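Positions are given from 1 along the sequence. This structure is a prediction, so every number in the text was calculated from the model and none was measured.
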Amino acid sequence: MAGHGTDGHPHGADRLCDAGDRVYSRAVRRGRLPRRDAERVPCLLELALLHPDPDDMDWLVPTAPQEVMTRLLRGMYDEVSASQRRVGSAVTAFEWYAGLGRQVHAQPVAAEGPAIRVLDGLARIQAAMDEATQACTTEVLTVQPGGIRREAELSEGLHRATALRGRGVRMRDLYTHVARHGHGLLSYLELMGDAVEARTLDEVIERLILFDRTVAFIPANAERTMALELRHPGLVEYLGTVFERLWRLALPLTAPLPDTGIEGISHREQSIAALLAEGHQDAVIAERLGISVRTCRAHIARLSETLGAASRTQLGVRIAQTGLDGPRGPAVTLPGRGSPNGR
């Protein structure tokens, strides 16, 4: 969350200045403070971290830290969602322009130019990837959606990863949280050692492979039998920025998933609840989280049981009542429930 601040305090609530940190911390400890104590840190009022005490306007009271954290998480979630939508729009636009290029026979280079090249067929895709691998000297960034990686998928790219490791190339991979349960991925990372760093998110964008911030590959159709090879500096830089923002939000593969703060609700079920609240169907939710539809419905059934919902409509109401449709706040104890149950 960025906040406007002033000329002397150009920051947001996620990176307070030293003076703001001291004053806000004192306000939280004491419950309120005199307005004059905040005169040198107007950023706290502009960021709504302090607000006037309705009983005495000469005093200021702090916004609860839990509310500030919720606000920050919602801002990051909105930012990532916007980036994902923009990437989807860009892919759609590329497909449209590529289609126009195939129709203009007099100028066939339109879809095959150096900035954007359409790769039709798995053989051409693999050849282009091998060429980019051979030219890579610094880093490879990848986004791998779809849940648990199959052994065949990992084996197919192993020769490229091994060649990159041999040249000291750094590799960073983003997966969905579901991929943590794949033994093949764990074996692959153990084999690659320090050459590869992996992190996970609830959901990621469509597949992306980026070499040295100079060439990127993204799917050009749903079956992934066509791909776009992108060398336009603006497009490549944009995709690199998207990756870095997702990377900062992701969790290292070795780190545990955060607790939901609600007894009896797992992290995955919280993600499913948020997508249900957005109106998505079971199949869409399963695809976005990298799980099967059957597994998704089993989690929905457990959600209904835990929240005491007898129908999908009632489940939606319960999700809203417990705050599962947004970023997590303070822990919630459901009536009749015991200790947290992490599934």
Side-chain angles (χ1 to χ4, degrees), residues 80-102 110-133 136 140-158 160-161 171-176 178-179 182 185 198 200-247 250 280 283-292:
V80 171
S81 296
S83 295
Q84 291 174 332
R85 288 193 296 270
R86 290 175 65 188
V87 170
S89 298
V91 171
T92 301
F94 293 156
E95 292 177 349
W96 185 76
Y97 283 115
L100 289 180
R102 287 193 293 272
E112 296 290 332
I116 302 177
R117 192 158 63 112
V118 178
L119 306 173
D120 192 351
L122 296 179
R124 288 195 66 193
I125 295 173
Q126 297 300 336
M129 294 273 290
D130 288 339
E131 181 181 346
T133 299
C136 183
V140 178
L141 311 176
T142 72
V143 178
Q144 302 287 1
I148 295 177
R149 302 295 309 284
R150 297 192 298 270
E151 296 283 351
E153 293 177 329
L154 295 167
S155 300
E156 183 275 324
L158 184 59
R160 283 192 291 269
M171 290 169 273
R172 287 187 287 160
D173 301 335
L174 274 173
Y175 301 93
T176 60
V178 177
L185 174 60
T200 64
L201 282 166
D202 284 322
E203 55 179 311
V204 296
I205 58 174
E206 185 49 272
R207 191 178 190 190
L208 165 68
I209 304 177
L210 184 57
F211 294 89
D212 280 346
R213 309 292 177 115
T214 59
V215 55
F217 295 88
I218 61 175
N221 63 353
E223 295 76 19
R224 295 183 183 173
T225 57
M226 296 177 63
L228 297 179
E229 178 185 308
L230 309 175
R231 294 183 180 271
H232 189 288
L235 291 174
V236 174
E237 181 181 359
Y238 170 76
L239 292 172
T241 299
V242 170
F243 180 92
E244 292 295 350
R245 292 187 179 180
L246 291 173
W247 184 260
H280 297 293
V284 174
I285 296 173
E287 181 180 5
R288 288 178 60 168
L289 297 184
I291 59 179
S292 68

Q) Would one find more than 12 heavy atoms of other residues, nucleotides or ligands at under 6.0 Å from atom CD of Glu244? A) yes
Is the closest side-chain heavy-atom distance between [X] and [Y] below 4.5 Å?
X	Y	result
Thr133	Phe211	yes
Leu201	Leu246	yes
His232	Glu237	no
Asp130	Arg160	yes
Arg207	Pro145	yes
Leu119	Phe217	yes
Met226	Val118	yes
Leu208	Leu239	yes

Q: For Gln144 and Leu174, run side chain to side chain contact (heavy atoms under 4.5 Å, CB included): C-alpha distance rounded to whole Å, both residues' side-chain angles, the deciding distance at 0.1 Å, then the answer.
A: CA-CA 6 Å; Gln144 302 287 1; Leu174 274 173; over 6 Å; no
Q: Show the numbers, then the answer: is there a side chain to side chain contact (heavy atoms under 4.5 Å, CB included) between Val242 and Ile205?
A: CA-CA 9 Å; Val242 170; Ile205 58 174; 3.9 Å; yes
To the closest 0.5 Å, what do you measure between [atom1] ([X]) and [atom2] ([Y])?
X	Y	atom1	atom2	answer
Ile209	Asp173	CD1	CG	9.0 Å
Ile116	Arg231	CD1	CZ	12.5 Å
Cys136	Met171	SG	CE	8.5 Å
Glu206	Ile218	CD	CD1	9.0 Å

Q. Do you know the tightest heavy-atom contact between Tyr175 and Val204?
A.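 For Tyr175 versus Val204, the nearest heavy atoms are O-CG1, 3.8 Å.
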Q) When Val236 is tested against each of Leu210, Thr214, Val215 for side-chain contact (heavy atoms from CB on, under 4.5 Å), which residue passes? A) Leu210
Q: State whether Glu229 and Arg124 are salt-bridged, where the test is any N-O pair (Lys NZ or Arg NE/NH1/NH2 against Asp/Glu carboxylate O) under 4.0 Å.
A: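 No.
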